[in-house]
Amino acid sequence: MYAITYYQDIVTAHFNSLALRKEPKNLYEPIQYILSLGGKRLRPVLTLMSAEVFDVDCQKALAAATAVEVFHNFSLIHDDIMDDAPLRRGNETVHEKWNLNTGILSGDAMLILAYQYFEEYEPKIFRELAKLFSKTALEVCEGQQYDVDFETRDDVTIAEYLKMIECKTAVLVGASMKMGAIVAETSVENANAIYDFGLNLGIAFQLQDDYLDAFGNPETFGKQVGGDIIENKKTYLYLKAMEFATADEKEQLLHLFSIQPNENMDKINSVKEIFNQTGASKATQKAIENYTLKALETLNQMNIGNDKKVILKTFGENLMSRNV
């Protein structure tokens with residue numbers, strides 16, 4: 001196994017060489033465009049890394065890794081349409097650069113393309129990959145619907161919120177790792193354990209995103225700090241603050257979250273102060289730590305060498321301590 005940067009370089013080179021310049025160009029150009037914007041590309045990296053955890057050359061998992069990243073970007077195109085978002089990774093979103101119909105249709109094509117990459121594998125592996133992929137894709141849709149539903153609800157529970165981020169974010173991280181295991185044809189026990197490792201890391205990753213959105217460094221976070229507060233999003237921080245708040249703090253928080261979205265620094269600072277006062281910020285950091293530790297515990301269930309466990313453990317710890 002190699003360092004994460006090794007797999008990142010393989011993924012970057014692969015996507016730079018991916019030829020999707022076909023006709024009609026108004027269908028394929030937006031796909032090439034969204035894939036060219038890069039991003040962290042965490043999921044395909046995990047697929048490659050997972051294959052090598054189970055002693056198979058990561059190149060064998062490249063098609064599955066491509067499917068994962070194409071699907072992820074398909075979901076981003078449609079998410080951006082639903083959110084009416086103007087920017088993605090600092091660039092125009094597909095529906096802004098082209099139009100709404102193009103965003104819908106190019107996104108649809110990406111979902112189909114993702115399935116096609118599995119055709120590179122023999123029938124047994126193809127079946128396992130497609131079965132996992134279908135289950136995961138449906139769960140991602142469920143997570144997105146939960147997220148939409150929560151916007152108009154004032155009674156969202158912590159358990160419901162965790163279920164939403166599990167479906168919307170974490171299941172794809174878990175599936176990315178399990179796909180590498182499936183390609184490597186390791187045992188069912190190993191494949192399930194590395195899925196759980198990815199799932200719990202995915203939840204920790206999203207909770208960390210919630211935390212950094214409020215308390216991250218604007219210079220390194222890569223997007224506007226306080227964006228969730230501006231949009232009145234009921235994140236883990238908000239739900240914990242409501243759970244711990246005094247009557248006065250609760251009233252103040254409800255008032256602040258009734259203000260129409262605008263870049264009001266006073267609002268952002270006031271909300272952050274309540275997050276700190278109530279202990280919601282510390283509770284969120286503790287939850288990030290707990291889910292990371294839960295992920296690391298699954299390493300004991302894997303029949304792999306200690307050197308590989310150390311690499312996965314280091315990766316999980318680094319993800320927990322990130323500030324971007």
Would one find more than 12 heavy atoms of other residues, nucleotides or ligands at under 6.0 Å from atom [atom1] of [X]?
X      : atom1 : value
Lys234 : NZ    : yes
Asp307 : CG    : yes
Lys294 : NZ    : no
Glu251 : CD    : no

Of the non-hydrogen atoms in [X] and [Y], which two are nearest, and what is the gap between them?
X      : Y      : result
Ala65  : Leu48  : CB-CD2, 4.0 Å
Val68  : Ser176 : CG1-OG, 3.2 Å
Ala280 : Ala241 : CB-N, 3.5 Å
Pro30  : Val94  : CB-CG1, 3.8 Å
Leu237 : Ser281 : CD2-CA, 3.6 Å
Cys58  : Tyr6   : SG-CE2, 4.4 Å

Give a yes or no on whether [X] and [Y] share a hydrophobic cluster (residues Ile, Leu, Val, Met, Phe, Trp, Tyr; joining criterion: side-chain heavy atoms under 4.5 Å apart).
X      : Y      : value
Ile259 : Ile268 : yes
Ile288 : Ile158 : yes
Phe215 : Phe244 : no
Val56  : Ile311 : no
Leu100 : Tyr28  : yes

If only atom types and distance count, is the side chain of [X] paired as donor or acceptor with the main-chain N or O of [Y] below 3.5 Å?
X      : Y      : result
Thr298 : Asp196 : no
Asn73  : Glu69  : yes
Asp57  : Gln59  : yes
Thr152 : Asp149 : yes
Asn190 : Met302 : no

> Does NZ or CZ of Lys97 fall inside the cone over Tyr33's six-membered ring, less than 6.0 Å from its centre and within 45° of the axis?
Replying inline: yes
> So Asn232 and Lys267, side-chain contact (heavy atoms from CB on, under 4.5 Å) or not? Walk me through it.
Replying inline: CA-CA 10 Å; Asn232 298 326; Lys267 172 184 171 176; 2.5 Å; yes
Once you round to the nearest 0.5 Å, how far does [atom1] of [X] lie from [atom2] of [Y]?
X      : Y      : atom1 : atom2 : answer
Leu42  : Met49  : CG    : CE    : 8.5 Å
Ser106 : His95  : OG    : NE2   : 13.0 Å
Glu52  : Lys308 : CD    : NZ    : 8.0 Å
Gln277 : Ser270 : CD    : OG    : 9.5 Å
Ile182 : Phe54  : CD1   : CZ    : 11.0 Å
Leu254 : Gln252 : CG    : CD    : 10.5 Å

> Under the side chain to side chain donor-acceptor pair (under 3.5 Å) criterion, do Thr235 and Asp228 qualify, and how do the steps go?
Replying inline: CA-CA 8 Å; Thr235 62; Asp228 287 345; 5.2 Å; no
Would a 4.5 Å heavy-atom cut-off, applied to side chains only, mark [X] and [Y] as touching?
X      : Y      : result
Leu76  : Arg89  : yes
Gln144 : Met82  : yes
Tyr146 : Lys168 : no
Ile34  : Met110 : yes
Arg43  : Phe71  : no
Arg153 : Glu160 : yes
Ile229 : Phe275 : yes
Ile203 : Leu162 : yes

> Between Thr47 and Tyr7, does a side-chain contact (heavy atoms from CB on, under 4.5 Å) hold up when you go through it step by step?
Replying inline: CA-CA 9 Å; Thr47 305; Tyr7 303 110; over 6 Å; no
Can you give the donor-acceptor pairs under 3.5 Å from side chains of residues 115-131 to other protein atoms, not counting sequence neighbours?
| residue | atom | partner | partner atom | Å |
| --- | --- | --- | --- | --- |
| Tyr115 | OH | Ser134 | OG | 2.7 |
| Tyr121 | OH | Lys60 | O | 2.8 |
| Tyr121 | OH | Ala64 | N | 3.1 |

> Where do Phe15 and Val11 land on the side-chain contact (heavy atoms from CB on, under 4.5 Å) test, with the steps shown first?
Replying inline: CA-CA 6 Å; Phe15 276 93; Val11 168; 3.7 Å; yes
> Does Asp84 have any salt bridge (charged side-chain N to carboxylate O under 4.0 Å, His left out) partners at least two apart in sequence or in another chain, and if so, which?
Replying inline: none
>> Go through it in stages, so that I can follow the logic: the residues are Gln285 and Glu289, the test is side-chain contact (heavy atoms from CB on, under 4.5 Å), and I'd like the CA-CA distance, side-chain angles, deciding distance and then a yes or no.
In response: CA-CA 6 Å; Gln285 287 176 301; Glu289 185 183 347; over 6 Å; no
>> So that I can tick it off, tell me whether Lys233 and Glu151 are bridged by a salt bridge, with the cut-off set at under 4.0 angstrom between side-chain N and carboxylate O.
In response: no
> Would Tyr161 and Phe150 satisfy ring pair (Phe, Tyr, Trp, His ring centres under 6.0 Å), going step by step from the backbone distance to the final call?
Replying inline: CA-CA 9 Å; Tyr161 183 76; Phe150 291 173; 7.1 Å; no
>> What verdict does the side chain to side chain donor-acceptor pair (under 3.5 Å) test give for Glu273 and Asn269, after you've listed the backbone C-alpha separation in whole Å, the side-chain angles of each residue and the deciding distance to 0.1 Å?
In response: CA-CA 6 Å; Glu273 196 175 328; Asn269 291 331; over 6 Å; no
> Do Lys178 and Asn192 pass the side chain to side chain donor-acceptor pair (under 3.5 Å) test, and can you show the C-alpha distance, the side-chain angles, and the key distance before you say yes or no?
Replying inline: CA-CA 7 Å; Lys178 190 172 182 178; Asn192 289 339; 3.0 Å; yes
> Yes or no on side chain to side chain donor-acceptor pair (under 3.5 Å) for Asn99 and Thr102, after CA distance, side-chain angles and deciding distance?
Replying inline: CA-CA 5 Å; Asn99 55 59; Thr102 298; 3.0 Å; yes
